[in-house]
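Remember, it's 1-based here, ligands and their atoms both numbered in the order they're listed. Throughout, residue positions are numbered sequentially from 1 according to the sequence presented. Keep in mind that what you see is a predicted model, and the values were worked out from it rather than measured.
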Amino acid sequence: MKLPLVFSAEVTAARAAGTPVVALESTIITHGMPWPQNYETAKLVEDDIRKGGAVPATIAILNGAIHIGLDDARLAELAQMKNVAKLSRADLAVALATGIAGATTVACTMICAHLAGIQVFATGGIGGVHQGAESSFDISADLMELAQTPVTVVAAGAKAILDIPKTLEVLETQGVPVIAYGQDEFPAFWSRKSGIPAPLRLDEPAQIAAAQKMRTALGLPGGQLVANPVPVESEISRDALAPIIAAAQARATAEGISGKAVTPFLLGAILEATDGASLATNIALVRNNARLAAEIAQHFG
Ligand code: PSU
Ligand code: MN
């Protein structure tokens with residue numbers, strides 16, 4: 001069976017010329033941010049990658065095909081679509097076989113990036129172990145994907161909507177390198193600090209690429225998580241966020257939100273409660289991750 005991969009003109013040219021390519025997910029567009037900031041941010045992030053000497057490949061599932069790179073019309077269309085499916089590893093094949101439109105999560109984007117020969121992927125935050133996972137069993141497939149698919153994922157750590165210590169435990173159990181970039185502490189998305197030391201630290205993009213290449217050469221499957229702290233000037237302190245996150249979590253429990261709906265629900269509730277301040281930070285950190293991913297991508301190949 002021929003794989004249903006469709007490359008954008010820009011990504012096709014990059015592949016022919018040997019220009020590094022950085023993958024981007026689409027769930028952040030459809031479920032992570034509201035219109036029109038989702039579209040504007042997607043464009044800014046793509047431009048940040050171009051300025052960094054790489055080519056962006058935003059990944060989404062449309063009409064039974066894996067799109068590697070979206071032209072402007074497709075990106076604008078996706079950003080305004082209602083009821084787009086949120087696709088993780090479990091959903092990808094069904095979405096392709098039936099032709100439904102879908103946005104790719106971190107796990108699903110990693111799978112598609114690897115099929116397309118892309119080694120570096122920039123996003124905002126990864127999914128992880130949710131608070132209360134001991135009763136809900138809610139652990140994102142993103143963690144297991146990092147253990148099996150060889151893509152380096154640059155994120156701003158994990159949100160405090162997750163249980164960060166448990167998230168790091170699962171990553172350790174799964175043998176995933178968790179590398180803080182330029183600091184000792186694992187960053188917590190909107191905040192540079194989580195209070196928890198990162199298992200590993202690297203300060204050089206070249207070393208991050210070398211570590212992934214060595215991992216693969218050793219026969220170890222899987223990728224690595226690069227945790228890049230939000231720029232100082234855009235950070236929101238942990239103390240300011242703690243009560244907001246707790247309130248959002250209480251609402252999710254009271255309203256019986258479960259499964260795939262949990263992360264988008266919490267993101268929306270926090271956005272509302274911070275009057276958009278959380279969104280400005282979110283945009284700044286995704287752009288920061290895109291710049292680092294472009295640098296790391298220069299050292300692959
Ligand atoms: N965390 C964020 N923003 C996001 C997501 C997570 O800070 O947009 C999205 C990503 O696509 C991630 C997915 O892969 O949510 C995780 O969803 P779940 O927890 O249902 O696995
Ligand atoms: Mn989940």
Side-chain angles (χ1 to χ4, degrees), residues 23-35 37-38 41-42 45 58-61 78-79 84-92 102-113 121-146 149 151 153-164 166-167 170-171 176 186-191 194 223 225 227-230 236 241 244-245 248-249 252-253 257-271 274 278-290:
L24 296 165
E25 62 156 305
S26 43
T27 296
I28 191 173
I29 300 172
T30 57
H31 294 71
M33 291 185 190
W35 169 268
Q37 287 94 343
N38 60 348
T41 304
V45 167
T58 301
I59 294 177
I61 309 306
L78 182 77
V84 188
K86 173 180 158 186
L87 307 177
S88 191
R89 163 174 278 264
D91 318 294
L92 177 60
T104 54
T105 60
V106 168
C108 194
T109 305
M110 288 178 74
I111 295 168
C112 298
F121 160 25
T123 185
I126 59 156
V129 180
H130 277 268
Q131 308 264 8
E134 56 275 27
S135 57
S136 69
F137 276 45
D138 191 347
I139 302 176
S140 176
D142 292 354
L143 304 183
M144 279 54 87
E145 203 60 51
L146 280 159
T149 301
V151 173
V153 178
V154 183
K159 289 196 164 134
I161 61 174
L162 301 172
D163 186 321
I164 295 178
K166 287 194 183 72
T167 299
V170 170
L171 288 166
V176 176
F186 186 72
F189 199 80
W190 298 288
S191 322
S194 63
L225 176 61
N228 186 28
V230 61
I236 308 178
L241 279 170
I244 292 169
I245 291 169
Q249 237 129 25
T253 307
I257 309 293
S258 67
K260 276 177 191 291
V262 172
T263 300
F265 178 90
L266 292 173
L267 297 183
I270 292 164
L271 175 71
T274 59
S278 67
L279 182 57
T281 300
N282 200 340
I283 293 168
L285 66 84
V286 180
R287 297 187 64 186
N288 190 47
N289 295 342

request  = Give the residue and atom name of whichever protein heavy atom lies nearest to atom 7 (O) of ligand 1, and the separation in Å to one decimal.
outcome  = K159 NZ, 2.5 Å

ask   = When you check the side-chain N and O atoms of Q37 and T41, is any donor under 3.5 Å from an acceptor?
value = no

task = Record the part of L267 in heavy-atom contact with ligand 1 below 4.0 Å; permitted values are side chain, backbone, both and neither.
result = side chain

request  = Please report which non-hydrogen protein atom sits nearest to atom 9 (C) of ligand 1, along with the residue it belongs to and the distance in Å to one decimal place.
outcome  = T27 CG2, 4.1 Å

remark   = The closest protein heavy-atom partner of atom 21 (O) of ligand 1 is S140 OG, 2.7 Å

ask   = So which heavy atom in the protein is nearest atom 19 (O) of ligand 1, and how far is it from that ligand atom?
value = T263 OG1, 2.9 Å

message = For F121, run the side-chain contact (heavy atoms from CB on, under 4.5 Å) check against V151, T149, I59, V154 and tell me which one passes.
response = V151

request  = Would you check if the side chain of S88 reaches a backbone N or O of C108 as a donor-acceptor pair within less than 3.5 Å?
outcome  = no

query = Applying a 4.0 Å heavy-atom criterion (strictly less than), which segment of H31 is in contact with ligand 1: side chain, backbone, both, or neither?
reply = neither

query = Backbone, side chain, both or neither: what part of V106 comes under 4.0 angstrom of ligand 1, heavy atoms only?
reply = both

key: Nearest neighbour in protein (non-hydrogen) for atom 12 (C) of ligand 1   = D142 OD2, 3.4 Å

note = The protein heavy atom nearest to atom 1 (N) of ligand 1 is G125 O, 3.4 Å

inquiry  = One residue to check: T105. Relative to ligand 1, which of side chain, backbone, both or neither has a non-hydrogen atom less than 4.0 Å away?
reply    = both

query = In the protein, what heavy atom is nearest to atom 17 (O) of ligand 1, and what distance, to one decimal place, separates them?
reply = K86 NZ, 3.1 Å

note = Closest to atom 11 (O) of ligand 1 among protein heavy atoms sits E25 OE1, 2.6 Å

query = Which is it for T109 and T27 under the side chain to side chain contact (heavy atoms under 4.5 Å, CB included) test, yes or no, and what are the steps along the way?
reply = CA-CA 9 Å; T109 305; T27 296; over 6 Å; no

